[in-house]
Protein chains: 2
Amino acid sequence: MSRNVTIKDIAKVAGVSISTVSRILNNAPLVTPEKRQKVLEVIGQLGYEPNASAQGLVRGKSMTVGVLTQDIASPFYNEVARGIDVGFSGTGYQPIFVNGHWEAQDEASAVAALIRRQVDGLIILGGRLPEQQLHALSERFPLILVGRYVPGLEHCCMRVDDLQGAYLATRHLLELGHRRIAHIAGITSHRDAVERFEGYRMALTDAGIDFDESLVYEGEFDEPSGILAVESWVTKGVHFSAIFAANDQMAYGARLALYRRGIRVPEDVSLVGYDDLPASSFSLPPLTSMHQPLFEMGELAAQTILTRLQDQDCEIPQIAVTLSVRESTRYHRR
Amino acid sequence: MSRNVTIKDIAKVAGVSISTVSRILNNAPLVTPEKRQKVLEVIGQLGYEPNASAQGLVRGKSMTVGVLTQDIASPFYNEVARGIDVGFSGTGYQPIFVNGHWEAQDEASAVAALIRRQVDGLIILGGRLPEQQLHALSERFPLILVGRYVPGLEHCCMRVDDLQGAYLATRHLLELGHRRIAHIAGITSHRDAVERFEGYRMALTDAGIDFDESLVYEGEFDEPSGILAVESWVTKGVHFSAIFAANDQMAYGARLALYRRGIRVPEDVSLVGYDDLPASSFSLPPLTSMHQPLFEMGELAAQTILTRLQDQDCEIPQIAVTLSVRESTRYHRR
DNA sequence: TTGTACGCGTTATCAT
DNA sequence: ATGATAACGCGTACAA
């Protein structure tokens with residue numbers, strides 16, 4: 001409605017030139033204390049806020065970093081987003097979040113929107129953008145890829161060892177004496193889902209257990225998938241004493257389906273999730289889950305891109321995962 | 001790293017003037033098909049994206065709407081955010097999310113950042129910004145206040161009747177025969193927490209039940225609060241057959257504490273939450289909860305501000321709440 | 001110490 | 001039908 005206050009307005013009211021005002025705003029030296037005083041006064045009265053578009057234009061920097069997330073409402077991505085938010089706070093840079101919805105199409109147009117907004121850097125969480133496009137992007141500005149591995153872009157990738165994580169989760173169950181361990185896999189077009197499945201298989205193999213295909217259900221990373229998995233096994237009469245779900249949300253679903261069938265956790269069946277969402281500490285029973293430091297990863301992504309934005313080099317460390325052992329797993333009694 | 005492609009570049013390569021290119025980009029009439037063809041070709045090759053800052057500068061519109069949320073990782077705000085996201089998709093407008101952390105200080109600086117970015121409108125989710133500032137903001141640009149009621153800004157407020165919601169939730173328990181209904185309240189400086197408490201009280205009063213202060217615990221809208229509430233009652237020997245929590249997260253905490261104490265839900269104690277988060281359908285047992293159409297509210301907020309951005313008037317309807325009855329509540333047997 | 005003038009990339013208003 | 005050119009708000013080199 002009402003036009004924004006500009007430097008010009010301030011200059012006019014304070015009776016000085018616009019460059020003087022500009023100098024004061026960027027606290028450059030060489031200004032009479034009186035004028036500075038006067039101008040600052042006027043600024044306070046008029047409620048001036050610099051126009052970021054204009055600043056971006058002339059400076060060639062937008063002080064903005066794009067964040068491409070897949071699902072703005074997923075608890076998984078939100079923890080990372082929170083870390084990113086904290087990582088940028090007080091730095092002058094502002095993250096802009098856009099959604100890819102796990103569709104290369106949407107992701108591409110979201111990235112285009114960010115480029116139009118002149119982002120100085122880009123953080124991409126997961127997604128399906130073709131590697132070729134990622135290469136192209138990495139040549140425009142600093143780029144961080146969280147949870148993705150792209151050959152040739154190693155210095156941009158923040159990797160979590162999903163294979164190792166799944167291996168450890170499965171071994172935890174094996175060490176508790178479980179032999180028939182079912183697995184609810186994620187969407188097979190997601191790299192992390194495949195790696196987690198591989199880790200599960202590998203742990204079984206190393207323990208000298210034959211892989212049984214009937215113990216694997218392919219889910220979609222959401223709660224209903226967990227329900228369907230358990231229902232499918234129970235219906236088919238498949239026996240198991242433990243379940244390893246490729247993420248917590250599917251574990252929640254499985255937990256509910258087991259409850260409905262009168263199967264107790266952990267007395268009858270042990271349950272392990274993956275991601276260790278905040279809610280898992282409070283689920284019933286508290287869920288044993290593979291912990292990824294999502295918040296820290298977000299923070300680290302922000303810090304890394306921040307230092308690269310100042311043309312400094314810095315490595316991205318491999319992210320370590322640790323199992324949060326809670327009450328959903330226990331010894332298997334034969 | 002590499003400078004962005006500009007209209008100038010395209011004009012040079014295509015051998016035309018910048019105004020011609022601009023015309024083609026804004027598909028204005030009066031251009032030779034051949035030139036149009038040629039320019040479009042060059043644009044495709046060079047991968048041009050218009051500079052939104054420059055466009056914003058000259059047009060006086062940034063095609064951007066600010067969204068002030070309180071906690072980027074709260075499942076509550078995220079559902080609304082998702083609605084907002086969907087509401088804006090394909091409109092040319094882009095939402096920019098910033099965080100207030102429930103601190104008037106942070107909120108103010110977040111809003112300042114949005115103003116610097118020249119947002120054309122503002123959606124505020126909850127928060128503690130003084131009413132005076134909200135009034136000032138509403139004079140700058142279209143403003144939508146979700147979950148807040150400010151005198152004089154009625155046309156900006158999207159209200160949910162928390163009092164009514166709490167009343168209905170409590171009455172549900174009363175109708176099931178419960179008389180000793182405990183309440184886990186929210187942070188008392190939040191209006192919705194107070195209203196929910198009032199609704200609870202009012203329902204009791206209408207049912208001819210005396211208010212018992214020992215049945216109320218003041219929590220902080222998070223899971224640990226729910227645990228502490230139950231622990232405090234059990235420790236003090238307070239008896240109750242039902243709990244009404246002012247939000248789902250506190251209900252989850254209460255559920256866990258009851259479980260640890262060997263108190264079954266719903267056999268021994270009925271449990272009602274508020275917000276009906278997506279996860280509540282899959283909790284153990286599925287939680288009876290007061291449903292607020294969070295996603296729809298976000299979508300509506302986006303649509304409303306969108307129409308106001310085009311100087312059209314439009315009313316914001318009162319949002320209705322409905323109880324999602326699930327398995328955490330049942331008849332009280334005396 | 002201060003003010004003038006130019007340029008950032010784009011749109012819009014003029015001439016041509 | 002097309003091409004100069006003046007804005008938009010800001011930072012800054014340069015002149016005063």
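Computed from heavy atoms alone, side chains included, the values below leave out hydrogens, waters and symmetry copies. Lettering follows sequence order; numbering is per chain, from 1.
Remark: B:Arg59 pairs with B:Asn26, B:Gln55 by the side-chain contact (heavy atoms from CB on, under 4.5 Å) rule, at least two apart or across chains. By the side-chain contact (heavy atoms from CB on, under 4.5 Å) test, A:Asp120 is found to be paired with A:Lys61, A:Ser62, A:Tyr93, A:Leu309, residues two or more places apart in sequence or in another chain being considered. B:Val160 pairs by the side-chain contact (heavy atoms from CB on, under 4.5 Å) definition with B:Asp162, B:Gln292, B:Met297, B:Ile319, B:Val321, not counting sequence neighbours. By the side-chain hydrogen bond (donor to acceptor under 3.5 Å, both in side chains) test, A:Ser89 is found to be paired with no residue, residues two or more places apart in sequence or in another chain being considered. For B:Thr20, the side-chain hydrogen bond (donor to acceptor under 3.5 Å, both in side chains) partners are B:Ser17, not counting sequence neighbours. Taking the salt bridge (charged side-chain N to carboxylate O under 4.0 Å, His left out) definition, one finds that A:Arg23 meets it with nothing, sequence neighbours left out.
For residues 294-312 of chain B, no residue pair satisfies the salt bridge (Lys or Arg N to Asp or Glu O under 4.0 Å) rule, not counting sequence neighbours. Within the structure, salt bridge (Lys or Arg N to Asp or Glu O under 4.0 Å) pairs that include any residue of residues 94-119 of chain A comprise A:Arg116-B:Glu49 (at least two apart or interchain). Legend: salt bridge (Lys or Arg N to Asp or Glu O under 4.0 Å) pairs involving residues 9-19 of chain A, not counting sequence neighbours, sorted by first then second residue: A:Arg3-A:Asp9.
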Protein proximity profile, nucleotides 9-16 of chain D - base contact B, sugar-phosphate-only contact S, no contact -, cut-off 4.0 Å on heavy atoms: BBBB----
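Each end of the helix from C:dT1-D:dA16 to C:dT16-D:dA1 gets its own axis, taken as the rotation carrying the C1' atoms of four end pairs onto the next four within a five-pair window, and the two axes meet at 50° to the nearest 10 degrees.
The side chain of B:Thr32 contributes an N or O atom lying less than 4.0 Å from OP1 or OP2 of D:dT2.
Atom CD1 of B:Ile96 is separated from atom CG of B:Leu122 by 11.0 Å, given to the nearest 0.5 angstrom.
Along DNA chain C, the stretch of nucleotides lying under 4.0 Å from any heavy atom of chain A spans, 5' to 3', C:dT1 to C:dG9.
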